[in-house]
Amino acid sequence: MLLQLRRTTTKYAAITMTNLQNQLAYVWEALNRAVFIVLIMFVFIQLWTAVYESQGATEIAGLSLAATIWYFLIAEVMELGKIRHDERISEEVKDGSVAYTLTRPYNYLAYHFFNGLGETAVKMTLIFLLGLPLVVYYAGWPTIQPQHALPVLLVAALAMLLDFFVFSIIGLLAFVTEDTFSFRLIYQKLVFILGGLMLPLDFLPGWLQPLARVLPFNLTTYAPAKLFVAFTWAQFWQILALQAIWLTIFGLVLLRQYQWATRQLAVNGG
Amino acid sequence: MKRIQAELIFLRALVGVNLASAMEYRASFISQIVGMFINNGIYFVFWIIFFNQFGTIRGYNVDEIFLLFAIVTLGYGLGFMFAGNTRQYMAYLVAQGRLDYYLVFPRNLLLHVIFSKMIVSTVGDVAFGLIAYSFTGRFTLVEIGLFLTTAVLAAIIFVGYSVITGSLAFYMGNAQYASQQMTNAMLTFALYPNSLFSGAARMMLYTVIPAAFVGSVPVDIVRNQDGRLLLLLVGAAILVWLIALFLFYYGLRRYESGSAINVNI
């Protein structure tokens, strides 16, 4: 039993390390892609500086301008660093290579998760480091307490897992629809508004906030970013409970869908 | 005159082939258009919520944003619906030495290259731009005329600028990411009120990344019915294209064939 567990851990750790090495070998390309964060952060900083000026306020919904700027950096790191394996699944289905990958001695979805982790680690680090100088220049250093670091990291890790579940559900739709572009786009755009990527949930109209808070979208982006800039234990437990509920729901859906999709699969070519 | 006519017939044929090729995959064609429409719509929803919550910001309110989105998306859509083979696509052709295919044709090289690709999702941008304009409440003939004129000028500037960024490959080799980022930057900045930016950043929007000429300047032209500003916009479009032509044809002297066998379907 223990030996089996050790073998499994070694196998998936090797998958993560292989992709991590791949990403590091082509770090210049990853850097080129990540540089977009500088532009986005610059635009956001200008926009929200203008908003705080026009409101004549030092705080909006409990967030200072500096906290808002840091919020957007963390939200962007979460969003831009996510595992994007649904496109790969779609490609594998289209070119027929899924017939080979499904029969390999690993769990198909676990492979994508651990493979994606290697890429995500590089992407998130680069995005954070590139955005950092601009954010520090305009907002200074954040005031996060050391005892809050672990809970924030836990929520961030669960946010990634939840997002992976959703993208897996979207990706597996390719087994039937082949192309998942529109499903992905709709999900991403829901994260933009209801997930707090473009506007912290606290800034949404009063009627929309309760709905946005219980939906899963905010748990992938808003949750870690908000806890990073304004941590409260009450909000942490609330977020953790919601993440557990949505992980269970999406986990069950994914399990069922995986069994169904592999039966529906039609492979082209040979 | 005959030569121009022949070029136009050729370009029309290219656009026709591009469209037929894109429509071959009907589901993908429709999903890309609908997807882009939803994409633009979400940004639109963001601005509606934003201005409802915070009111006017530096002279911009939701009406100006409707107009800004209408012009930018229509301009971007018109430009890349017809002339999509620019930016990173052009940079790729140059860096890989794949311009040979175009060089052997007795046609205008640059026009042939840029009109050889259609970006399908931009059909969604065009539709969105026209619908967004219907929210502006500016329906006099002059306003509609200025809207359409400035959108076409924005399209010309978008394509001209993307030829500039694509041509960078002649000078720096692999310019795919640089050209993509520069064009994305132009679009991103164009969709935000110009008044947010000041100093060097504002200067940049009129020079290195001329987003002001496809966003806020056209908005001011329609809003104030400003003929002089319109002339400035025409001047900007001419200047962008003069730079694009210079960079492309001067860079072409440095082009090296990749001796690759191209199969263009």
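Below, all heavy atoms of this structure are taken into account, side chains as well, without hydrogens, waters or symmetry copies.
Taking the six-membered ring where the residue is Trp, A:Phe44 and A:Phe72 present tilted rings, their angle falling between 30° and 60°. In this structure, A:Tyr187 and A:Phe217 have tilted ring planes: the angle between them lies in the 30° to 60° band. Ring geometry for A:Trp70 versus A:Phe128: interplanar angle of 30 to 60°, hence tilted. Between A:His85 and A:His112, the two ring planes are tilted [angle within 30° to 60°].
Both the backbone and the side chain of B:Ser31 come within less than 4.5 Å of a heavy atom of chain A. Both the backbone and the side chain of B:Phe46 come within contact range of chain A, each with at least one heavy atom under 4.5 Å from a heavy atom of that chain. In this structure, no portion of A:Gln188 lies under 4.5 Å from any heavy atom of chain B. In this structure, chain A has heavy atoms under 4.5 Å from both the backbone and the side chain of B:Gln32. In this structure, chain B has heavy atoms under 4.5 Å from both the backbone and the side chain of A:Phe203. Using a 4.5 Å cut-off between heavy atoms, A:Gln46 touches chain B through backbone and side chain atoms alike.
For the pair A:Lys189 and A:Phe192, the cation-pi test (distance below 6.0 Å, angle within 45°) is passed.
Summarising the geometry of A:Lys123 relative to A:Lys82, their closest heavy-atom pair is NZ-O, 3.1 Å, with the distance given to 0.1 Å.
Among A:Ile186, A:Leu204, A:Thr49, the residue with the largest count of heavy-atom pairs under 4.5 Å with chain B is A:Leu204.
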Hey, mind stepping through A:Tyr52 and A:Thr68 against side chain to side chain donor-acceptor pair (under 3.5 Å) and telling me if it holds? CA-CA 10 Å; A:Tyr52 276 79; A:Thr68 305; 2.7 Å; yes
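At a heavy-atom separation below 4.5 angstrom, chain A is approached by B:Arg58 within residues 58-81 of chain B.
Residues A:Trp48 and B:Phe50 bring their aromatic ring centres within 6.0 Å.
A donor-acceptor pair is defined here as one N or O able to donate and one able to accept, closer than 3.5 Å; no such pair exists between the side chain of A:Arg184 and the backbone of A:Phe167.
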